[in-house]
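Reviewing the structure listed below.
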Amino acid sequence: MTKEELLNRLNGVEWNDFEIKEAKNEVPKTAWETVSAFSNSFGGWIVFGVKERRVRGKSTYEIQGVENAEKVEQDFVTVLRSNSKFNQRISVHTAKFDIGGKAVLAFYIPMSEYKPVYISVPSNTYIRIGSGDQRATEYEIRAMQRDQAFGKKSNEAVFGSCYDDINQGSFQDYRNFLRVFNPDLSYNTLSDTEFAVKTGIMSNGLLSVGGLLMFGNIDAILRYNPDFLIDYMEIPGTSVQDASTRYTFRIQEQENIWEYYKVILHRLRTRIDNPYSPRPDGIAPDDNTRLYCLREALVNMLAHADYFSEIHSTVRVFDTSIQLQNPGSFPVNLKILGQTIVSQPRNPNILRFFKLAKLSENGGYGIDKILNWKKLTDCAVTIESDITKSEVRFDLPINVNQRQSTSNDIDDAEKSIAEQVLTLIGVNTYMSIAEIANATNQSKSSIDRVISKLKKSGKLIRVGSARSGKWKVL
């Protein structure tokens with residue numbers, strides 16, 4: 001960091017990786033919390049010798065300087081490079097500036113390879129949220145501890161497992177897929193057991209974690225990981241909060257990752273415009289369609305999920321967006337995502353299974369293919385991540401004719417029901433679906449369908465959550 005960069009940061013607004021401390025005569029106690037937070041996040045600068053003043057809700061920054069700067073710097077660096085306060089040694093880069101005759105110290109704390117970084121005991125683990133340091137929850141600490149197996153866990157052997165725990169329907173379907181779409185692969189001529197060994201599905205008679213999750217029987221998977229589940233829901237509305245019903249479609253429990261992949265991709269194919277392709281999966285070898293973007297995101301989600309988290313991988317399809325949420329954070333700063341090749345998969349052998357089937361990019365996260373959605377649809381792609389989860393959101397194009405349609409969306413048989421619904425809601429905006437169905441002598445599914453059409457036609461919206469919100473007639 002140069003002096004000019006420091007002054008620019010003091011005038012800027014992005015403070016998630018930048019923290020100032022007064023530190024006039026000594027290292028402030030709150031500096032240690034920031035060190036932990038930056039180490040557990042994506043790194044950042046701590047600056048000593050600057051004081052913040054707030055006047056009428058607005059911050060200004062005054063250069064006060066650090067007295068005896070050499071001693072303060074030495075005290076700070078010595079603690080970081082020893083094991084006296086933190087559970088591990090912390091590397092640090094220092095810089096010293098003279099601003100108006102006053103000494104300002106800047107320390108860059110990089111992201112640690114070994115998390116969590118805590119002060120004395122694990123409960124004193126801090127993370128960076130926005131421009132502040134917050135104590136990590138137990139759930140967040142466990143997520144960081146699981147990340148220490150990043151790139152290793154899926155290759156571990158599952159003790160007590162065997163070849164018979166493989167779901168033969170999934171396994172043979174995958175092998176046939178490879179023969180069709182990767183016919184030059186030398187493994188295609190191997191016997192089933194030889195193929196399983198060569199591809200990393202099993203070793204020394206035991207299935208790998210990735211092999212079990214990808215191709216195993218659900219009973220064997222649940223014995224090893226009782227929380228295994230991948231979810232897909234189609235939700236009428238723009239969000240969970242404004243949905244007229246919880247969902248209109250939800251996939252049933254599948255045997256393994258391979259089966260989940262096929263079912264989810266099929267459902268996504270029916271939700272978007274997709275040109276004809278002679279391939280049975282709907283994607284041509286040199287495809288450049290919306291489905292290709294979604295497939296990359298789906299494979300990315302399945303190959304990089306933290307399958308031992310308390311939350312599950314979930315695909316939610318709304319009226320205006322498709323959202324893929326994954327347990328586990330991206331291992332790199334999202335600021336550089338798409339600017340450099342990232343090839344640090346959480347589950348390397350699961351990603352390799354997809355690569356052998358030519359269902360994934362050869363390097364990185366296929367981010368360029370995911371971001372191509374913007375060019376194809378002129379709609380945004382948003383990628384977010386924190387310590388416990390990550391999310392990719394594809395905004396969907398809005399059909400102008402559909403947006404401008406009115407009662408034409410409601411057939412003659414439903415018009416009377418729609419009028420009754422609007423009248424009832426006009427009297428009581430807090431009526432539930434069940435209450436409306438009872439008052440109109442209709443089924444809940446009929447009321448759900450009519451309300452969904454009223455919302456799409458712009459006559460009705462939901463304000464607040466599905467449980468405690470209310471209706472508003474437009």
Handout entry: Any side-chain heavy-atom pair of N25 and N68 under 4.5 Å
Key = no
Problem - Q64 side, atom CD; I99 side, atom CD1 - distance, nearest 0.5 Å - result: 13.0 Å
Practice task
Tell me yes or no: between the side chains of N124 and R135, is some donor less than 3.5 Å from an acceptor?
Solution key: yes
Practice task
Decide yes or no for V317 and F249: does some side-chain heavy atom of the first lie under 4.5 Å from some side-chain heavy atom of the second?
Solution key: no
Practice task
Report yes if the side chains of L302 and L298 come closer than 4.5 Å at any heavy-atom pair, otherwise no.
Solution key: yes
Exercise for the section: Please check if any side-chain donor atom of S309 sits under 3.5 Å from a side-chain acceptor atom of D306, or the reverse. Expected result: no
Fill in the blank from the handout: From the list Y108, F107, F18, ring pair (Phe, Tyr, Trp, His ring centres under 6.0 Å) partner of W45 resolves to Y108
Fill in the blank from the handout: Distance col, row I20:CD1 vs T34:OG1, nearest 0.5 angstrom, shows 11.0 Å
Problem - Any side-chain heavy-atom pair of V27 and K21 under 4.5 Å - result: no
Exercise for the section: Given side-chain hydrogen bond (donor to acceptor under 3.5 Å, both in side chains), test N83 with R89 step by step and report yes or no. Expected result: CA-CA 6 Å; N83 290 105; R89 291 181 174 85; 3.0 Å; yes
Exercise for the section: Would you kindly say whether S186 and K198 are connected by a side-chain donor-acceptor distance under 3.5 Å? Expected result: no
Handout entry: Electrostatic pair R393:E384 at N-O distance under 4.0 angstrom
Key = no
Problem - Between CE on residue M214 and OG1 on residue T199, distance to nearest 0.5 Å - result: 10.0 Å
Handout entry: Inter- and intrachain pairs under salt bridge (Lys or Arg N to Asp or Glu O under 4.0 Å), touching residues 157-169, at least two apart
Key = D165-R223
Fill in the blank from the handout: Here the gap from E296 atom CD to L359 atom CG, rounded to the nearest 0.5 Å, amounts to 9.0 Å
Problem - Salt bridge present between R250 and D231 (N-O < 4.0 angstrom) - result: yes
Handout entry: Close side-chain approach of V392 to V381, heavy-atom, < 4.5 Å
Key = yes
Practice task
Among residues two or more places apart or on two chains, list those pairs meeting ring-ring contact (aromatic ring centres under 6.0 Å, His included) that have a residue in residues 376-396.
Solution key: W373-F394
Problem - Audit row: D319, K455, salt bridge (Lys or Arg N to Asp or Glu O under 4.0 Å) steps and yes/no - result: CA-CA 11 Å; D319 293 342; K455 290 168 67 177; over 6 Å; no
Problem - Neighbour count >12 (heavy atoms, 6.0 Å) for atom CD, E26 - result: no
Practice task
Look at the aromatic rings of W258 and F177 and report parallel, tilted or perpendicular, splitting at 30° and 60°.
Solution key: perpendicular
Practice task
Tell me, yes or no, whether the heavy-atom count around K24 atom NZ, taken from other residues, nucleotides or ligands under 6.0 Å, exceeds 12.
Solution key: no
Exercise for the section: May I ask you to decide whether K374 forms a salt bridge with D378, counting only side-chain N to carboxylate O separations under 4.0 Å? Expected result: yes
Handout entry: Parallel, tilted or perpendicular: rings of Y307 and F228 (30°, 60°)
Key = tilted
Handout entry: Aromatic ring pairing F215/Y174, orientation class (parallel under 30°, perpendicular over 60°, tilted between)
Key = tilted
Handout entry: Within-4.5 Å side-chain heavy-atom neighbours: Y118 and K85
Key = no
Problem - Modelled atom types, side-chain donor and acceptor of S313 and N326, under 3.5 Å - result: yes
Problem - Face-on cation placement of R267 at Y232 ring, 6.0 Å and 45° thresholds - result: no
Problem - Donor-acceptor side-chain pairing of S208 and N349 below 3.5 angstrom - result: yes
Handout entry: Atom pair CD (E138) and OG1 (T125), whose distance is rounded to the nearest 0.5 Å
Key = 10.5 Å
